[in-house]
Amino acid sequence: MRFFYALRQDLNKTIINIGFLGAAAICAILCFTSTAYIDDSTSKSYSVFEAIVTLDRELIESDSSFAWTSLLASGLSGYAAMFLPIIVAFPFMVSFCAERNSTLMRYTISRSGKMNYYMSKFTASVISGGLAAMLGVAVYGICLCIIFPDNSSYEIDPELLEILNVHSNFETVVRTLTGVFLFGAFSTLPAFFISSFCTNPYLIICVPFLLVYIWNTAINKLIANCWTNENYEMMEILYDFAPESVMNLSSKTEFDASAKHTICMFAAFLIVSLVGFSIIMNLRKDKGR
């Protein structure tokens with residue numbers, strides 16, 4: 001019972017604050033920077049925002065790549081995916097740093113117990129990060145639904161339309177938002193772990209961004225090397241260990257080897273983050289202060 005009480009309090013602190021709303025707003029704005037269209041004649045790419053502002057409406061209504069469901073699926077990419085570790089750290093960082101700097105942490109731990117405190121912080125940070133990303137993409141999706149046409153409004157070959165519409169619009173939205181939630185939750189883990197030994201909010205936000213950037217760069221270089229050596233099997237495996245692969249779990253229709261790789265990676269990071277946070281916090285003689 002202490003755990004659920006502590007979790008409710010932590011969720012109130014992380015979700016009902018300016019950091020959560022700011023994270024969702026920033027996520028929604030960055031989604032509009034994702035690529036919507038590439039002009040074959042000039043090789044120029046247009047973001048969703050540029051497509052809305054500069055492209056002719058006739059082109060938008062004639063090219064099925066502008067279907068709002070397609071744009072929604074690719075919304076959390078580019079700058080949005082790159083800066084997500086910073087964005088989703090805001091809700092947790094604001095409440096946790098305020099609690100630590102005000103010395104309220106000592107009283108909270110004494111009331112709830114150490115393990116209940118650690119578990120509630122972990123659960124609240126994961127949920128708030130996932131919800132912030134999901135809310136931002138949901139706002140982005142509502143705007144897309146209003147501005148861009150549906151797949152059914154385009155003159156597409158029936159067989160191709162059947163391939164494009166494997167899922168209904170509702171199922172596509174649910175799967176996309178579920179994947180975004182998982183990606184947002186996963187992206188909070190580095191900041192959560194670092195907060196166990198760091199009290200500087202700027203470092204808690206920026207270091208995870210740097211770590212994920214290095215991780216992505218390393219994966220991309222390994223993939224490029226596999227492509228050069230025609231090692232396509234290893235290349236497919238490497239895709240499963242990229243940070244954004246967590247988001248693709250919701251779109252899979254079967255529990256294949258690719259899903260197993262990603263789930264194992266996700267579970268390993270969850271366990272390492274929670275155990276590492278608990279050990280470091282438990283070793284502090286000041287009870288977290």
Side-chain angles (χ1 to χ4, degrees), residues 2-32 75-76 79-114 116-143 177-178 180-209 212 270 273-274 277-278 280-281 287-289:
R2 284 187 176 183
F3 166 73
F4 291 107
Y5 176 79
L7 177 59
R8 185 177 63 185
Q9 297 300 317
D10 284 330
L11 286 175
N12 288 337
K13 294 175 186 176
T14 54
I15 295 177
I16 307 176
N17 67 48
I18 191 66
F20 179 83
L21 295 177
I26 294 172
C27 182
I29 293 171
L30 288 179
C31 284
F32 283 93
L76 202 58
Y79 289 117
M82 180 187 299
F83 290 105
L84 195 63
I86 294 178
I87 297 170
V88 296
F90 274 114
F92 169 75
M93 181 272 299
V94 169
S95 62
F96 186 69
C97 289
E99 184 178 281
R100 168 175 277 172
N101 293 331
S102 64
T103 70
L104 288 176
M105 181 180 294
R106 296 180 181 180
Y107 303 104
T108 305
I109 291 177
S110 63
R111 288 199 306 268
S112 62
K114 290 183 178 180
N116 287 329
Y117 180 83
Y118 304 152
M119 287 295 298
S120 67
K121 287 296 180 187
F122 170 76
T123 308
S125 66
V126 169
I127 292 176
S128 63
L131 287 178
M134 188 171 70
L135 179 59
V137 174
V139 172
Y140 166 70
I142 292 173
C143 296
L177 293 181
T178 301
V180 168
F181 177 86
L182 293 175
F183 191 20
F186 179 77
S187 299
T188 62
L189 297 179
F192 172 79
F193 175 73
I194 292 172
S195 67
S196 63
F197 58 85
C198 180
T199 59
N200 189 321
Y202 302 104
L203 290 178
I204 294 175
I205 290 175
C206 295
V207 171
F209 167 75
V212 173
L270 284 172
S273 299
L274 176 58
F277 180 89
S278 301
I280 293 174
M281 291 290 289
K287 289 190 176 182
R289 180 69 179 92

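Atom set for the values below is all heavy atoms of this structure, side chains included, hydrogens, waters and symmetry mates excluded.
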Inset, instruction - For Phe183 and Leu84, work out which heavy atoms get closest and say how close. - result: CD2-CD2, 3.7 Å
Inset, instruction - Using atom types as modelled and distance alone, determine if a side-chain donor or acceptor of Ser120 lies under 3.5 Å from a backbone N or O of Tyr117. - result: yes
Legend entry - Chi angles and distances behind the side chain to side chain contact (heavy atoms under 4.5 Å, CB included) call for Thr14, Phe20: CA-CA 7 Å; Thr14 54; Phe20 179 83; over 6 Å; no
Inset, instruction - Output the distance between atom CE (Met82) and atom CD1 (Ile87), rounded to the nearest 0.5 Å. - result: 11.0 Å
Legend entry - Spatial distance of atom OG (Ser278) from atom NZ (Lys121) [nearest 0.5 Å]: 13.0 Å
Inset, instruction - Taking the side chain as every heavy atom from C-beta outward, state whether Phe122 and Leu189 have any atom pair closer than 4.5 Å. - result: yes
Inset, instruction - Start with the C-alpha gap between Cys31 and Val137, add the side-chain angles, then the distance that decides, and say whether side chain to side chain contact (heavy atoms under 4.5 Å, CB included) holds. - result: CA-CA 7 Å; Cys31 284; Val137 174; 3.9 Å; yes
Inset, instruction - Hey, could you give me the CD1/CZ distance between Ile86 and Phe209, rounded to the nearest 0.5 Å? - result: 5.0 Å
Inset, instruction - First locate atom CZ of Phe4, then atom CG of Leu11, and finally report the distance between them rounded to the nearest 0.5 Å. - result: 11.5 Å
Inset, instruction - Mind listing the closest non-hydrogen atom pair of Met281 and Ser196 along with its distance? - result: SD-O, 3.6 Å
Inset, instruction - Over all heavy atoms of both residues, which pair between Leu135 and Ala24 is shortest? Give the atoms and the distance, please. - result: CD2-CB, 3.7 Å
Inset, instruction - May I ask you to test the Phe90-Ser128 pair for a side-chain heavy-atom distance under 4.5 Å? - result: no
Legend entry - Plane angle bin for Phe197 and Phe193 - parallel if under 30°, tilted between 30 and 60°, otherwise perpendicular: perpendicular
Inset, instruction - State the OG-CZ distance between Ser195 and Phe277, to the nearest 0.5 angstrom. - result: 4.5 Å
Legend entry - Closest heavy-atom pair and its distance - Ala80, Gly75: CB-O, 4.0 Å
Legend entry - Distance in Å, Phe92 CZ paired with Lys13 NZ, rounded so as to fall on 0.5 Å steps: 11.0 Å
Legend entry - Within-4.5 Å side-chain heavy-atom neighbours: Met119 and Leu274: yes
Inset, instruction - Please report the shortest heavy-atom distance between Ala124 and Asp10, naming the atom on each side. - result: CB-CB, 3.6 Å
Inset, instruction - Could you pull out the closest heavy-atom pair between Ala81 and Leu76, with the gap in Å? - result: CB-O, 3.8 Å
